[in-house]
Amino acid sequence: MSKRSGAVMAANLNSKKPKLWSLGLLETMKDPESIVKKSKQVVVIKDKYPKAKIHYLVLPEADINSIYALNKSHVELLEEFGEIFEEIEKEEKLPLKAGFHAVPSMQRLHMHIISTDMVSPCLKTKLHWNSFTTEFFRPYADVLEELKEKGCITKMAPELVQSCKSRELQCNQCSYKPKTMPQLKEHLLTHLKKEEN
DNA sequence: GTTCTAGAAC
DNA sequence: GTTCTAGAAC
C-alpha cells in the first residue's frame, strides 16, 4: 500500500464521510423551479427523477428527518400532508397514491405522491420498482393511523426490508410477472394504452 | 438518491 | 456479441 493511500484511508476512518447526496432535498425545497405549491407547514416539489407520469414530494419546512422522528405533536402536520394529497388528487386526472419509503435514502421527511402508471424513463431498477409496489411503500393513511395510535412510527424489520428489495418483479396492475425490467416497462405501456382508449 | 461498469445472463 | 443486473463510489 502506498503512503498516500494509507493516509487517505486513515482520514476516512477518522471522519465518517457525510453522504452529501442525501442532503439534496434540502436544496431542491428552496429552488423556485422545483416548487409546485406550499401550504402553512409544507412544501410540494417535483421529484427530480420521477418514477411515473406524476411524481411529487411533500416535505415539512420543519427540520424533521424521517417518519421515524415523528411523535404525537406531529399529527396535525401529517394531517396537512393528507390535505395536500387530496388537493393534488383533485387537480390531476391520473389515479395517485401517497406514502413513505420504509427506508428513505434522502434526508428530510418526504411523502411521495405518485401516479400508478409507473411509466417513466427514470424508472430503471428492481429497487425502484419494489420501493413503490411492495410493503416498502408505507401508505399515508397507515402511517397517520400508526402515529395517532402509538405516538410514533415503528421501523420495518430488516428481514422484511430485504425481502421487499429482492422480491420478484410483479406488475402492479395485473398478475404478470416479468423476468426483466425492460419487459416490465414494455408491459406497463400496454396498461397505459388501455387506459387511454 | 444516481452513475458507472464488470461480468452474468442471454 | 448484446442485454441486463448489481455493487462500488476514497
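In what follows, chains are A, B, ... by sequence order, proteins preceding strands, each numbered from 1. Every heavy atom of this structure was used, including side-chain atoms; hydrogens, water molecules and symmetry mates were not.
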Does OP1 or OP2 of B/dG1 have a side-chain N or O of A/His110 closer than 4.0 Å? yes
Report the base-pairing partner of B/dG1 (Watson-Crick or G-U wobble, both distances below 3.5 angstrom), or none. none
From CG of A/Leu127 over to P of C/dA8, roughly how many Å is that when rounded to an integer? 15 Å
Does A/His101 use its side chain to pair, donor to acceptor, with the backbone of A/Ser131 at less than 3.5 Å? yes
By the Watson-Crick or G-U definition, both distances under 3.5 Å, C/dC10 is matched with none
For a quick check of understanding: with a heavy-atom distance under 4.0 Å over all strands, which category does A/Thr180 fall into, base, sugar-phosphate or nothing? sugar-phosphate
Remember a base hit wins even if backbone is also touched, and classify A/Pro182 as base, sugar-phosphate or nothing at under 4.0 Å, heavy atoms. sugar-phosphate
A/Ser175 backbone acceptor or donor facing A/Lys177 side chain under 3.5 Å: no
Looking across every strand, which nucleic acid part, if any, lies under 4.0 Å from A/Lys165 by heavy atom: base, sugar-phosphate, or nothing? nothing
A/Arg167 to A/Lys126 - nearest heavy-atom pair and separation: O-CE, 2.8 Å
Is a salt bridge present between A/Lys40 and A/Glu83, judged by a nitrogen-to-oxygen distance below 4.0 Å? no
Distance, rounded to the nearest Å, where A/Asp47 contributes CG and B/dG1 contributes C1': 9 Å
May I ask you to evaluate whether A/Lys124 reaches the phosphate of B/dT3, defined as a side-chain N or O under 4.0 Å from OP1 or OP2? yes
How long is the line joining NZ of A/Lys126 and P of C/dA6, in whole Å? 6 Å
Using whole Å, what does the distance between atom C1' of nucleotide C/dA6 and atom CG of A/Leu169 come to? 13 Å
Using whole Å, what does the distance between atom C1' of nucleotide C/dA6 and atom NZ of A/Lys179 come to? 20 Å
Can you measure A/Met106 atom CE to B/dT2 atom P for me and round it to whole angstrom units? 8 Å
Look at the side chain of A/Arg108 and the backbone N and O of A/Ala62, then say whether any donor-acceptor pair between them is shorter than 3.5 Å. yes
Can you check the A/Leu25 CG to B/dG1 C1' distance for me, whole Å? 8 Å
Checking all strands, does A/Lys48 fall into the base, sugar-phosphate, or nothing category for heavy-atom contacts under 4.0 angstrom? nothing
To the nearest Å, how far apart are A/His128 NE2 and C/dG7 C1'? 14 Å
